[in-house]
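Report on the following structure.
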Amino acid sequence: MIPLRDPMTSHTNRRVLLQAAAGACAWPLLSSSSHAQSAEFKLKLANNFPATHPTNIRMKEAADAILAESKGRVDIQLFPNNQLGGDTDMLSQVRSGAIDYFMLSGLILQTLVPVAGINGLAFVFKDYPTVWSAMDGDLGAHVRAAIAKVNLHTFDLAFDNGFRNITSSTKPIQTPADLQGFKIRVPVSPLWTSMFKALGASPASINFSEVYSSLQTKIVEGQENPLPLIESAKLYEVQKYCSMTSHMWDGQWVLANGKRWQSLPPDVQALIAAHFKKAALAQREDIRRLNNGLEAQLKAKGMVFNYPDIKPFREVLSKAGFYQEWKTKYGPEAIGKLEKYTGKLA
Ligand code: X2X
């Protein structure tokens, strides 16, 4: 007979109990190998995306491959879904070295590295080919060089979050008039606040960790995010309308604590960099495929879609001085690198 173990002394059972009590995945996506206990380099990777989002599925694959190919020397544990705190908090943790790798939107990173928000300028990218030529080209290189100055290492390829659309529990957003006084959650970032203020809305800065509950309790009426996140974070449960504004492109840089990164042997650095690159390319492809089917899936879950003409939104932003303000803030060098891909800004 198998003896029953006291759940409170069994690590595994305690974990299962706690997980059940929390009602959520409160534990890292652990590497399955028995090598994990003895790894020479134990590293933590965290982000704000749900565990089921392609970002975390591909990063889990990368971590498994790194563990296997390093024969157990390098064990990267994943902490998705804000398990280690909200974005603002995790950014401090990667700077102090409490987290080794943190995936963050360039626009939120803007609070620390101002130019990192440049890709979020409203309506500047017309399509994905333009996004990837800029981000994998001179614009991305310019941003990564600025990030390096705050002692964070950035991997070459950004992950795709996507083109962002506005959702609401109260009404569809069809024209700028619908945004007047609209209570919208935005991530903690000056560009986001400035954009929605210029459009006449009332933006509230809230970390993603609090978004579902603030929509549920109606602290805010709406939010904006790409479809894969609206789906994976189940925002359709608390939002009725989805207005396809595609008002900006947003992506994640993988940020590493600089000191910790430099301390890794070159072969380990090369192994990690190669798998993060592979993961980014696969993730971009996942998002591309998801974008084709998600609208139908979200409609089936009860969301109502509309397709606003974006011209009036751009005009309101121009008139409010939004583009002028941010051109000045980012400066001619960075704006020149953006315009190389997008054409002259409004
Ligand atoms: O906070 C958000 O809305 C999210 C998840 O899209 C970002 O990381 C910017």
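Because the structure is predicted, anything quoted here is derived from the model rather than measured. Atoms within each ligand, like the ligands themselves, are counted from 1 in listed order.
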Apply salt bridge (Lys or Arg N to Asp or Glu O under 4.0 Å) to Lys234 and list each qualifying residue two or more places apart in sequence or on a separate chain. none
What residues, two or more places apart in sequence or in another chain, satisfy side-chain hydrogen bond (donor to acceptor under 3.5 Å, both in side chains) together with Asn151? none
Is the shortest heavy-atom distance from the side chain of Pro187 to the side chain of Glu224 under 4.5 Å? yes
Identify, with sequence neighbours excluded, every residue that meets side-chain hydrogen bond (donor to acceptor under 3.5 Å, both in side chains) alongside Glu69. His275
Would Asp138 and Lys337 pass as an ion pair if we require N to O under 4.0 Å? no
Is the distance between the ring centroids of Tyr341 and Phe125 under 6.0 Å? no
Within the protein, residues bringing a heavy atom under 4.0 Å of ligand 1, chain by chain: Asn48, Ser105, Ile108, Asn161, Arg164, Arg185, Pro187, Trp192, Phe208, Asn225, Leu229, Asp250, Gln252
